[in-house]
Each structure stands twice: as C-alpha cells, then as structure tokens.
Number of protein chains: 2
Amino acid sequence: MKYVDGGICAAKGFKASGTYCGIKKPIVENFDPSIKHKNDICLFTSDVLCNAAAVYTQNKVKGAPILVTKANLEKSGNKAIAVIANSKNANTCNADGVEKADKMCELVAKELNIPKEQVIVASTGVIGQVLPIEPIEKAVPILAKELDYGKNEEASTAIMTTDTIKKEYAVEFEIDGVKCTLGGMAKGSGMIHPNMATTLNFITSDCAISSEMLQKALSEIVKVTYNCLSVDGDTSTNDMVSLMANGLAGNKEITCEGKEFDTFKDALYEVMANLTRMLAKDGEGASKLLECICSGAPDKDTAIIVAKSVVCSSLFKAAMFGEDANWGRVLCAIGYADAEFDINKVDVDLRSEYGTVEVCKNGSGIEFSEEKAAKVLSSDEIYIDINLNQGNENATAWGCDLTYDYVKINGDYRT
Amino acid sequence: MKYVDGGICAAKGFKASGTYCGIKKPIVENFDPSIKHKNDICLFTSDVLCNAAAVYTQNKVKGAPILVTKANLEKSGNKAIAVIANSKNANTCNADGVEKADKMCELVAKELNIPKEQVIVASTGVIGQVLPIEPIEKAVPILAKELDYGKNEEASTAIMTTDTIKKEYAVEFEIDGVKCTLGGMAKGSGMIHPNMATTLNFITSDCAISSEMLQKALSEIVKVTYNCLSVDGDTSTNDMVSLMANGLAGNKEITCEGKEFDTFKDALYEVMANLTRMLAKDGEGASKLLECICSGAPDKDTAIIVAKSVVCSSLFKAAMFGEDANWGRVLCAIGYADAEFDINKVDVDLRSEYGTVEVCKNGSGIEFSEEKAAKVLSSDEIYIDINLNQGNENATAWGCDLTYDYVKINGDYRT
C-alpha cells in the first residue's frame with residue numbers, strides 16, 4: 001500500500017469542483033470575481049453509478065442534510081453518483097431545513113440529469129440560521145460546468161470552517177493483482193467528539209465492492225478511527241462519513257469476507273486514520289497533536305474507552321499546552337474511564353521524537369527527570385503510551401491540547 | 001429556614017483551627033511567623049462523638065485519604081469526632097500513601113486522646129508527589145491547641161487550592177420545635193465533575209439523627225447538588241463529602257423517614273446547593289456562573305442528564321465567555337445527552353438579571369434581538385432554561401464558562 005496525491009479524485013472516474021457562492025454574504029449584482037473568496041460550496045461526481053455507504057451522527061439533533069442523505073440512500077438502494085456540500089451554514093434546527101437540503105439535491109440532479117435520490121448532501125457551519133438557497137441556485141450550474149478530475153483541492157477547501165489546513169489522503173493498493181485506489185477528504189476543527197461518524201468526511205474508491213460490504217467495512221473502521229477522536233467532547237449534529245465505490249479499477253467485485261475484503265479494510269483504515277490524525281492536529285486552537293495508545297487491555301472496547309478518556313481530559317489537555325508532565329491527570333482520566341480493569345497494574349510513558357519518559361509504574365508515580373520530560377513535551381506531537389498489563393488488546397485515540405486560541409475561536413465564533 | 005454565618009462551626013459544639021505547615025515548602029528552622037502564609041492544613045472536632053456519613057469519588061484511582069477514611073468509618077460503625085485535611089498535596093498514586101494518611105489520623109488521635117478510627121482524613125492538591133509527613137507532625141499539636149468555636153474560616157481557607165474564595169454556608173431550621181443548625185465548607189475549582197461526591201466538602205450539624213438516616217439524606221441530596229456540578233469534566237481522585245451530626249441541638253433523634261427527616265433534607269439541600277453554586281462560580285478561570293434548569297422532563301434522571309450535558313459543553317462554555325448567544329450549541333449538547341426524549345418539543349430560553357430571550361421553540365430557532373441577547377449575557381450569572389415539554393420532572397446543573405484563565409491555570413499548575 002502506498003500514499004498517493006489526489007484526495008477524493010485519486011480514484012478513477014471521480015471529478016470535483018468548488019466555488020464561492022456567498023452563503024453568508026450572497027454574491028451581489030456587481031460581484032467582482034477578481035476578489036478571491038474562500039470556496040464555500042463544492043460538488044463531486046463519479047463517471048458511473050457507485051455503491052455507497054454512510055455513517056451519521058448519533059446526536060438526537062440531526063442536521064437536515066443528514067436526514068435527506070439517509071432518505072436518499074434508502075430510496076436509491078445505497079447507490080450514489082454525486083455529492084454536494086457547503087460550509088458556513090449547518091442547515092440544522094431550521095423549520096425549512098429538510099426542504100432546503102432536498103432542494104440542493106434537486107438542483108444537482110437537474111443539472112447532471114440524474115435521479116435526485118442518487119445525490120448525497122452535507123452542510124457544516126452555524127446551527128440554527130436559515131440557509132439562503134439563492135446563492136446555491138446560482139452556484140450549482142457553475143459547479144457542474146467546472147467539474148474536473150484534478151480539482152480535489154477546490155472541494156477540500158470549500159468544506160473548511162475553522163480548519164486551518166485542508167485534509168486529504170489517498171492510497172493505492174492491490175486486489176487480486178488489480179491496482180485500486182481509495183482517497184478521502186475531511187473537515188472539522190471544533191465540535192468534534194464523533195460518536196458513529198465525525199464532521200464531514202468523504203471517501204471515494206474505484207474498487208469494485210458491494211454496498212453491503214462497503215457499509216460493513218465503513219462501520220468497522222469508523223469505530224477505531226473517527227470515533228476515537230475528540231477535540232472538545234462535543235458531538236456535532238452534522239457528522240457524516242460517506243464512502244462511494246465505482247468499480248472502475250476492474251477488480252472482481254468484493255461481495256464477502258476474505259483476503260480481498262481485509263485488504264480493502266486496510267486501505268480504508270490507512271486513509272481514515274490519517275484523516276483522523278489531521279483532524280486532531282488541526283483541532284480548534286491546537287498547538288499539539290495528542291496520540292494515546294492503550295495496550296495490554298482485556299478487550300478492544302476497554303482499550304478504546306481508556307485511550308479516549310485521556311485525550312478528552314480538559315485538565316490533561318491544558319497541561320500538554322503548558323508542556324507540564326502532570327501525569328497524575330493521565331491517571332485520573334484512566335481512573336474515571338467507564339470500564340472494568342485493575343488500576344494498580346497500569347504503566348504510563350510520555351513519548352515524542354525527543355525521547356520517552358516513564359512516569360507511572362503499577363499505578364504509582366516513579367521518579368523521572370523533569371528536564372527530560374520538558375524536552376519530550378516540547379514536541380508538537382505527543383504520544384501517551386498506556387499499558388494496562390492485563391490483556392492483549394490495544395487501541396489508539398487522537399486529540400489535541402487545550403489552548404487560549406480554542407477559547408478565543410469559540411468565544412466569538414458567530415461574530 | 002434561614003441563613004446563618006459560621007460555616008462548619010455554625011452548629012453547636014464544633015471547633016476548628018487552621019495553620020500553615022509548609023507541605024510544599026517545609027517550615028525551616030528559622031521560620032518567621034510574621035510572614036503570612038496561606039493555611040495549608042486544618043482540623044475540626046465535635047465536643048461529643050458524632051454520627052457520620054460520607055460519599056466518595058467513583059474514580060478507580062482513589063486518593064489514599066479516601067481509602068483510610070472509608071476504612072475508619074467502617075471500623076468505628078460510622079462514628080467520627082475529628083477531621084484533618086490538607087491542601088497542596090493529594091497524597092494519591094503514592095506507594096506510601098495509605099501509611100501516611102493513616103499516620104495523619106494517628107497524630108490527631110494521639111493529640112486528642114481519641115480512637116484513630118474516629119478521625120476523617122482528606123487531602124487535595126497535586127497527584128503523585130510523596131506527602132512529607134514531618135510538617136504535619138509539627139502542625140497537629142498546634143492545630144489541637146488552637147481549636148476554637150469561631151475558627152471556621154481558619155479551616156475553610158486551609159483547604160483552598162486554586163480557589164479564589166472560601167466556600168461556607170449554614171442554615172438554621174426547626175425539628176419538632178427545636179432549633180437545629182447545619183453548616184458546611186467546600187473547596188474545589190478545577191478537576192471538578194463529581195460523580196458521587198466532589199472535591200472536599202465537610203458538613204456539620206447539631207441535629208440528632210441516626211448514622212443510617214444521615215447516609216440516606218446525604219446520598220439523596222448529593223445526587224441533585226454536587227453531582228450536578230461540572231467545571232471541566234474531570235472527576236477527581238479525592239472527591240469526598242463528609243457529614244457529621246452530634247445531636248447537641250437536643251431534638252428527638254431522627255431514625256426514620258417522615259416530616260422531620262424531610263426538614264433535615266431540606267436544610268442539607270440548602271447548604272449543599274449553595275456550596276455547589278459557589279464551587280461553580282469559582283471554577284478555575286471562570287468569569288460567569290452557568291445554571292441550567294431542565295424542566296418538563298419525563299423523569300428526574302433525564303432532567304439531570306440533559307442539564308449536565310449543557311453545562312459540560314466546552315463549546316457552549318466558550319460561547320458564554322464570549323457572551324455570544326450561540327444557542328445552537330445548547331441544542332447540540334441537549335441532543336447528545338444520553339437520555340430518551342423527543343428533541344422536537346424542546347424550548348430554550350437564556351436568562352439573567354437583565355431579562356430573558358427565547359431562542360428556540362419546538363427544537364427550531366426563533367428570531368430574537370441580538371442586542372437584547374448581548375445585554376442578557378453580559379451578566380456574570382447566566383441561567384439556561386430548558387423545557388422538554390414532555391413531563392413534570394426538573395433538575396438543575398451548575399457550571400461555569402471556559403476562559404483563557406482556565407487554560408493558563410492548568411497549563412502550569414505544578415510549576
């Protein structure tokens with residue numbers, strides 16, 4: 001398996017486009033195209049109909065685009081050919097939300113001459129503000145006209161909100177000697193504590209695989225990637241991962257478990273884990289990526305719960321911002337994790353490119369060099385290695401430090 | 001029922017004292033008592049043996065003082081006469097922790113000539129640093145000598161860590177025509193997300209009530225007061241509430257449910273709810289108290305879960321710091337609360353001394369004056385009124401905003 005460029009356009013037969021339509025401030029009559037605005041809407045399509053799978057937020061408050069996408073995939077029998085997504089407005093908690101999200105699909109369907117239910121729609125941004133449809137009506141024909149194989153960046157930048165970098169990743173792999181490609185893009189910086197899915201994530205592949213196996217792979221991998229990510233403990237109303245596979249690689253369709261399915265899942269893990277890492281590192285206001293690896297767990301769920309508990313601790317996150325080896329906060333967070341295990345067997349190390357410090361052995365503190373710890377924590381990628389020493393399962397969770405900038409960004413997000 | 005001064009010394013027969021012993025920086029030979037240090041250790045006692053009850057942290061990592069107190073109360077048949085508590089060091093995750101906590105009880109027992117198991121011990125501060133016993137050995141005789149009825153403040157200041165104000169509250173009430181008093185003190189500012197109990201909380205009463213009914217009252221009231229408080233989502237390793245009743249008021253002992261027991265519980269609620277409010281308002285770095293009242297719930301637990309979910313949301317807390325009426329974040333937090341209810345019936349108002357703004361009706365946003373909302377949110381006490389409109393139960397949760405200062409305080413707590 002190897003990394004390739006191209007994001008959602010890396011796989012065969014996927015085109016994308018993005019533009020600025022002015023969802024917050026509509027394009028006025030005398031719009032000056034020479035002024036560069038950040039894209040706020042994008043479209044991407046497959047040359048042929050795809051098998052599709054998706055996972056959605058478990059928040060009871062669901063964005064209208066979630067409801068419409070779910071209904072569409074049910075109607076189409078899990079087939080999709082196009083995705084439209086916008087930033088700047090989440091179209092959530094609006095009385096006319098479903099109508100507007102449905103209208104977005106209708107506009108795309110009409111322009112591309114496809115059934116409406118083969119369109120996936122997603123929105124991200126402020127909750128509870130009415131989505132203006134006029135700018136989108138103007139944008140869709142432009143987006144359709146500009147679709148191209150190399151325009152993945154036009155799309156990946158259009159879905160950014162407080163994100164500071166675009167997030168794309170793709171890999172090449174082989175199924176039965178046939179080269180396949182799988183790539184994705186993601187957005188998300190705050191309101192990130194996915195449960196089932198996260199923020200907006202779109203993955204495309206040219207691998208031939210049935211809708212059923214696609215959904216199975218997605219559900220399995222989302223549990224150990226996006227669902228192990230937390231920026232701030234807030235599960236968004238609009239979280240979604242969609243996965244489309246158009247089969248253009250030409251491999252024999254994967255329709256059951258086995259070696260080929262495992263290879264596909266490995267590729268999916270590689271792309272989703274890397275996007276997850278990018279989301280954590282670009283968490284709102286973050287200055288450090290935190291990666292917590294819990295090993296020696298009696299079962300997988302315990303490993304996940306413990307690792308997540310640590311990256312969710314506000315106190316530990318603030319300590320990492322201050323580069324303070326306050327490992328007691330790691331142990332505190334392990335202690336309130338909702339799982340059964342013996343705390344007196346737990347070892348904790350802090351690690352980075354600058355070395356490793358053992359801080360806790362058998363649940364008690366051990367002496368360590370504060371000087372060395374300060375050096376280790378000065379890195380912008382910190383690893384917290386937890387060994388429960390009571391089993392063979394492990395899991396990784398991703399998060400980021402808690403900084404002044406997180407507070408600043410979220411103190412005046414709407415203004 | 002009326003408020004009275006005196007905190008833990010408000011009830012008849014309770015004496016207290018506090019001093020500086022230098023747990024972090026031991027008193028050196030040439031200690032200059034003219035230099036004023038903040039108290040770091042305190043003692044309080046009852047003139048006669050008390051019935052006692054306690055609740056402890058549910059964190060798997062338990063501070064050594066928790067283990068020792070629990071064992072003592074079991075041995076003494078839930079009787080206690082003295083409490084010793086220190087700040088600056090939590091005596092948690094130390095190999096010799098239990099030995100040291102036990103030693104603290106022994107020192108008090110020897111000085112007061114009482115059985116060791118009638119002593120309650122509590123510690124708060126940094127986790128995982130060895131507790132120096134020498135300063136405590138020097139302090140206990142001084143504390144014993146200085147015990148007095150009016151010295152509640154000496155004690156309530158000794159348990160402060162990052163607290164900016166001391167927290168005391170007491171009330172007078174009548175049981176069968178006999179005047180009784182119940183008062184308490186609390187400490188806590190960060191690592192506050194009690195589950196079962198919170199931080200350090202000590203309550204004293206001269207009411208005559210059996211140990212069994214005392215425990216019953218405490219367990220009931222803690223659920224709707226301290227356990228509905230969150231500063232940062234971190235459940236401490238040393239959380240404890242102890243409740244001692246010495247019977248000196250002279251009422252007929254309460255030994256079963258009924259009118260008298262309800263009156264006692266009302267007094268306990270009054271003291272504990274007010275201490276909870278003080279803890280929230282003095283949350284680390286907090287500039288605003290957040291009080292979320294969830295009404296119209298199908299059951300009590302749902303009301304508690306929803307109200308807590310809102311005061312725990314980092315995004316909403318940051319928005320309140322920025323005085324931004326970003327009510328979508330309230331709805332988002334209601335939506336991910338782990339309870340069953342219909343989100344489409346939910347109304348939300350934001351309220352303060354400056355008025356009320358309705359922001360959400362039947363789960364959807366409604367138009368409101370941003371100007372009025374800004375005025376309402378400029379207060380330092382914000383009320384979030386949530387009506388689920390699907391039942392008659394209600395609950396209150398307390399929290400605070402998320403500020404630059406929270407990050408600052410926790411970025412370099414140990415240094």
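Since this is a predicted model, take the numbers as computed values, not measurements. Chain A is the first sequence line, chain B the second, and so forth, proteins listed ahead of strands; every chain is numbered from 1.
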| query | B:S379: what forms a side chain to side chain donor-acceptor pair (under 3.5 Å) with it, not counting sequence neighbours? | reply |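 Checked B:S379 against side chain to side chain donor-acceptor pair (under 3.5 Å); matches are B:E353.
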| Straight-line distance of A:K317 NZ to B:S314 OG, nearest 0.5 Å |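 Going from NZ on A:K317 over to OG on B:S314, the span is 7.0 Å.
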| query | Does anything in residues 87-101 of chain B pair up under salt bridge (Lys or Arg N to Asp or Glu O under 4.0 Å), and if so which pairs, sequence neighbours excluded? | reply |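 Listed once each, the pairs are B:D96-B:K100.
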Given that the side chain runs from C-beta out, which part of [X] has a heavy atom under 4.5 Å from chain A: side chain, backbone, both or neither?
X	answer
B:A337	backbone
B:L402	both
B:F321	side chain

| query | Counting heavy-atom pairs under 4.5 Å to chain A, which of B:N362, B:D342, B:T403 comes out on top? | reply |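 Ranked by heavy-atom pairs under 4.5 Å with chain A, first place is B:T403.
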| task | Take B:I127 and A:L331 through the test side-chain contact (heavy atoms from CB on, under 4.5 Å) and record every step on the way to the result. | result | CA-CA 9 Å; B:I127 295 174; A:L331 219 65; 5.6 Å; no
| query | Of all heavy-atom pairs between B:Y404 and A:V407, which one has the smallest distance, and what is that distance? | reply |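 Closest pair (atom of B:Y404, atom of A:V407, distance): N-CG1, 3.8 Å.
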| request: Identify the two heavy atoms, one from B:C93 and one from A:W327, that lie closest to each other, and give their separation to 0.1 Å. | output: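 Scanning both residues completely, I find the closest heavy atoms to be CB-CH2, 3.8 Å.
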| Do the side chains of B:V61 and A:I334 get nearer than 4.5 Å, heavy atoms only? |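 Result no, sub-4.5 Å side-chain heavy-atom pair not found.
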| task | Determine, for B:Y336 and A:K60, whether the Lys NZ or Arg CZ falls below 6.0 Å from the six-membered ring centre while staying within 45 degrees of the axis. | result |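 That pair does not qualify as a cation-pi contact.
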| task | Apply the test side-chain contact (heavy atoms from CB on, under 4.5 Å) to residues B:N94 and A:S364: give CA-CA distance (whole Å), side-chain angles for both, the deciding distance (0.1 Å), then the verdict. | result | CA-CA 5 Å; B:N94 295 324; A:S364 289; over 6 Å; no
| query | Any chance CG of B:D338 has more than 12 other-residue heavy atoms, nucleotides or ligands included, within less than 6.0 Å? | reply |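 It does not: B:D338 CG has 12 such atoms or fewer within range.
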